[in-house]
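Every chain is numbered from 1, with letters handed out A, B, ... down the list of sequences. Just so it is clear, the model here is predicted, and its values are computed rather than measured.
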Protein chains: 2
Amino acid sequence: MKSQKTTATAEKLIDIAESFFAEKGFYGTSIRDLADGIAIAKSSLLHHYPSKEKLYGAVLKKLAGEMTLEVKYIRKQFTDEKEQIFQFVQLLCNNSEKKPNRENIILRELIDNPKRAEKAKKWFFVDYFKELTGIIKSGQTKGLFKPINPEIFILQLLGAHRYLIISLPTVKQFFDEKIYQQILKDHRTELETFVNERLINEEGV
Amino acid sequence: MKSQKTTATAEKLIDIAESFFAEKGFYGTSIRDLADGIAIAKSSLLHHYPSKEKLYGAVLKKLAGEMTLEVKYIRKQFTDEKEQIFQFVQLLCNNSEKKPNRENIILRELIDNPKRAEKAKKWFFVDYFKELTGIIKSGQTKGLFKPINPEIFILQLLGAHRYLIISLPTVKQFFDEKIYQQILKDHRTELETFVNERLINEEGV
DNA sequence: CACTCTACCGACCGATCGGTAGACAGTCAA
DNA sequence: TTGACTGTCTACCGATCGGTCGGTAGAGTG
């Protein structure tokens with residue numbers, strides 16, 4: 001079982017790289033700091049990932065894979081598209097509290113990707129995005145959602161959430177620390193309202 | 001008029017720094033490149049702004065000042081808070097087409113600010129944010145807006161817009177290039193709907 | 001004329017960057 | 001036992017980083 005230790009080191013690298021890239025960005029993170037962070041030599045890091053870019057790519061790939069899986073799981077678990085999109089809102093909010101790194105990395109990647117894309121790098125979040133717009137498109141054929149543009153709706157929903165999340169540390173000075181949890185709860189409710197207003201409700205009205 | 005040439009150089013520095021910081025971020029931008037970009041020596045750059053941090057701060061300050069002024073102008077120009085917030089949506093959308101750098105810098109700053117804030121740096125967008133929430137709070141006392149949390153509303157509105165804008169270059173591969181303008185137009189309409197749903201409409205229902 | 005101030009410059013600094021080379025210890029198969 | 005492979009290390013590389021230094025040209029001022 002020689003590969004066990006190796007795998008463990010590689011995974012530790014991914015983990016610490018995820019948090020460092022999230023906090024300081026690609027250019028702000030040095031592979032020296034990453035290696036020091038898990039107490040190995042820098043050249044040992046480069047043994048597992050032959051370049052900083054490759055390591056960064058591995059982090060993105062793992063992150064995108066996890067997120068896509070989570071959405072696919074929701075789509076398999078619930079047949080009703082309305083239920084799916086509300087479950088996704090819950091997933092978004094819950095993950096932001098459990099895994100705050102994610103939003104930072106995704107935002108940074110969105111900003112930086114256009115430059116990198118010129119170097120023929122693929123966008124890791126394609127499947128994630130297509131799963132989400134797929135919910136809306138599927139729901140629209142069943143007459144569950146209003147005839148909005150699915151891509152715009154998803155981007156606005158993700159944006160309304162992620163922007164607020166990354167703003168919180170900065171904006172927190174305006175809030176009483178005690179009502180911080182209340183903010184997160186109200187935000188969740190507002191997101192649900194946003195979704196709800198784009199549903200077609202056959203029974204009411 | 002000795003200061004004319006100096007001012008011109010300093011302004012050129014601010015301009016190129018704004019576009020470089022927006023595109024590559026703080027760590028991804030070197031003061032060498034900035035100096036080369038306007039054909040002066042690096043030491044000359046450091047004559048005008050004694051450090052990279054100071055230059056970055058000057059860019060943020062100018063940007064925040066402009067944006068705050070724009071909002072204040074809207075508030076002075078229109079007395080009705082409903083009109084103010086709709087005008088602000090127009091401002092957001094128009095500026096994203098005219099000055100695409102802005103959204104990048106603001107997003108980057110929001111992500112990075114918490115680290116910098118530890119070094120006792122102030123947040124340049126305080127006034128901007130307070131002007132915007134001020135519109136909502138003022139409108140709520142007049143019974144024009146639903147009793148939502150003003151900070152959450154503003155953050156979600158800004159997020160829905162800015163996230164979509166910075167995503168467009170990446171997501172564009174999914175869109176036919178010809179309908180790009182239609183996307184921007186639909187996005188604007190959706191933002192207006194988002195705002196509209198949070199108004200209290202005494203007449204209708 | 002002498003003095004000061006501003007804008008600017010090239011040369012240089014120590015530190016840090018991403019990445020390479022080579023040695024060494026442990027493991028496993030032949 | 002030997003040889004190939006793996007993971008790790010120290011030592012080192014050229015490039016680039018932000019920033020300092022001493023100095024110069026020119027305009028303003030007395």
Extract all donor-acceptor atom pairs below 3.5 Å that involve side chains of residues 152-159 of chain B and protein atoms in other chains or at least two apart in sequence.
unit_1   : atom_1 : unit_2   : atom_2 : d
B:Gln156 : NE2    : A:His187 : ND1    : 2.8

Rounded distance (Å) that lies between atom [atom2] of [N] and atom [atom1] of [X]:
{"X": "A:Ile40", "N": "D:dC9", "atom1": "CD1", "atom2": "P", "answer": "6 Å"}
{"X": "A:Asp36", "N": "D:dC9", "atom1": "CG", "atom2": "C1'", "answer": "14 Å"}
{"X": "A:Leu13", "N": "D:dG7", "atom1": "CG", "atom2": "P", "answer": "12 Å"}
{"X": "B:Leu34", "N": "D:dG19", "atom1": "CG", "atom2": "C1'", "answer": "14 Å"}
{"X": "A:Tyr56", "N": "C:dG19", "atom1": "OH", "atom2": "P", "answer": "15 Å"}
{"X": "B:Leu55", "N": "D:dG19", "atom1": "CG", "atom2": "C1'", "answer": "14 Å"}
{"X": "A:Leu45", "N": "D:dT10", "atom1": "CG", "atom2": "C1'", "answer": "16 Å"}
{"X": "A:Tyr49", "N": "C:dG18", "atom1": "OH", "atom2": "P", "answer": "17 Å"}

Please determine whether a side-chain nitrogen or oxygen atom of [X] lies at a distance below 4.0 Å from atom OP1 or OP2 of [N].
{"X": "B:His48", "N": "C:dT6", "value": "no"}
{"X": "A:His47", "N": "D:dG7", "value": "yes"}
{"X": "A:Thr9", "N": "D:dG7", "value": "no"}

- Item | Spacing of CD1 belonging to B:Ile106 relative to CG belonging to B:Leu63, to within rounding of 0.5 Å | 5.5 Å

- So, for A:Phe26 and A:Tyr56, is the gap between ring centers shorter than 6.0 Å? yes

- Item | Charged N-O contact under 4.0 Å between B:Lys185 and B:Glu190 | no

- Is any NZ, NE, NH1 or NH2 atom of the basic residue among A:Arg198 and B:Glu197 found under 4.0 Å from an Asp or Glu carboxylate oxygen of the other? yes

Within the sub-3.5 Å range, which N or O atoms of nucleotides 15-18 of chain D have a protein N or O partner, and how far apart are they?
unit_1 : atom_1 : unit_2  : atom_2 : d
D:dC17 : OP1    : B:Ser30 : OG     : 3.3
D:dG18 : OP1    : B:Thr29 : O      : 3.2
D:dG18 : OP1    : B:Lys52 : NZ     : 2.7
D:dG18 : OP2    : B:Ile31 : N      : 3.2
D:dG18 : N7     : B:Arg32 : NH1    : 3.0
D:dG18 : O6     : B:Arg32 : NH2    : 3.0

- Task: Indicate the atoms forming the closest heavy-atom contact of A:Thr141 with A:Ser138, along with that distance.
- Result: OG1-O, 2.7 Å

- Item | B:Lys76 to B:Tyr73, cation-pi by 6.0 Å centre distance and 45° axis angle | no

- Task: Please confirm whether any donor atom in the side chain of A:Ser43 sits under 3.5 Å from an acceptor in the base of D:dT10, or the reverse.
- Result: yes

